[in-house]
Amino acid sequence: MAQRYWLMKSEPTMFSFENLKKSPHQTTFWDGVRNYQARNFLRDQVKKGDGVLFYHSNVEPMAIMGTAKVVQEGYPDHTQFDPKSNHYDSDSSPANPRWYMVDICMDEEFKSPVSLNVLKKTKGLEGMELLRKGTRLSIQPVTEKEWNIILKLGLGSVKK
DNA sequence: GCCAACGTTGGC
DNA sequence: GCCAACGTTGGC
C-alpha cells in the first residue's frame, strides 16, 4: 500500500505542535476523536509511515505548523473507558471499542507555518477538504500533490 | 424513518 | 462573541 497523507486538526490550547515537539520521543497518541467518519479513517486507513500535516485550528494564526509521521496504527482509544475523562463513552466497552486512535511522531517543523490564508491563495490546493465551507472533520485525507505543495511552502524552497 | 432540537466546531 | 454548518439525539 502506497504511503498516504493526512491532515490532523488540533486546537493548540488543547494540544499544540509545540506540545508534540516536547513530548517524550516527540511522540504522542492522538486521542479524543469522537466522530464516526474520522474514526473510520483512524481505524481502517491510517497506516504506519503515513504523513501527517499538523494544523492549528481556532487560533491566530490558523496554520499548518509542521509534519508528523504515523508510528502506530489504529488501536482503541483508552480514554473512552475512563469515566473521569471528558472523552468517556459509557456505551463503549473494551470488548467492543467504539473509538480509535493512532500514535504520531513529530517529523518536520515548518520554518514558516502555512496559514489558512496562504492555503486559500495557493494554486493547486483549491480542492483541499480543509478549505471547503463547513468542514469539521478532524482528520482529512490529503493528496500527494497537495502534500508536496504544502511542504514546499512550509520548508522553503530548499528541499531536504 | 422523519425531523426538530440541541450541541459542537471553527472561521470570522 | 457570533453564527453557519454539521452531526447526533430522541420524540413521534
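Lettering of chains follows the sequences in order, A, B, ..., and the numbering in each one begins at 1. As a basis for the values below, the full set of heavy atoms in this structure was taken, side chains included, without hydrogen atoms, waters or symmetry mates.
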Which residues pass the side chain to side chain contact (heavy atoms under 4.5 Å, CB included) test with A:Arg136, not counting sequence neighbours? none
By nearest heavy atom, map A:Asp91 and A:Lys133 onto DNA chain C; which one lands nearer the 5' end? A:Lys133
Does any pair with a residue in residues 59-76 of chain A pass side chain to side chain donor-acceptor pair (under 3.5 Å), and if so which ones, sequence neighbours excluded? A:Tyr75-A:Asp103
Can a donor-acceptor pair be found, under 3.5 Å and without considering hydrogens, that links the side chain of A:Ser16 to the backbone of A:Asn19? yes
Knowing that exactly one of A:Tyr100, A:Trp6, A:Phe54 qualifies, which makes a ring pair (Phe, Tyr, Trp, His ring centres under 6.0 Å) with A:Trp30? A:Phe54
A:Arg34 vs A:Thr79, side chain to side chain donor-acceptor pair (under 3.5 Å): CA-CA, chis, key distance, verdict: CA-CA 11 Å; A:Arg34 295 293 181 270; A:Thr79 63; 3.0 Å; yes
Looking at every heavy atom in both A:Pro12 and A:Val59, which two are closest together, and how far apart are they? CG-CG2, 3.4 Å
Return the polar atom pairs (N/O with N/O) between nucleotides 1-6 of chain B and the protein under 3.5 Å, or none.
none

Non-neighbouring partners of A:Asp89 that pass salt bridge (charged side-chain N to carboxylate O under 4.0 Å, His left out), sequence neighbours left out: A:Arg98
Contact between A:His78 and A:Met101 at the side-chain level, heavy atoms closer than 4.5 Å - yes or no? yes
Does any part of the side chain of A:Tyr5, heavy atoms only, come nearer than 4.5 Å to the side chain of A:Gln3, both counted from C-beta? yes
Angle by which the axis turns from one end of the helix from B:dG1-C:dC12 to B:dC12-C:dG1 to the other, five pairs per end, to 10 degrees: 10°
Any chance CD of A:Glu129 has more than 12 other-residue heavy atoms, nucleotides or ligands included, within less than 6.0 Å? yes
Base, backbone or nothing for each nucleotide of nucleotides 7-12 of chain B, written B, S, -, heavy atoms under 4.0 angstrom, 5' to 3'? BBBBBS
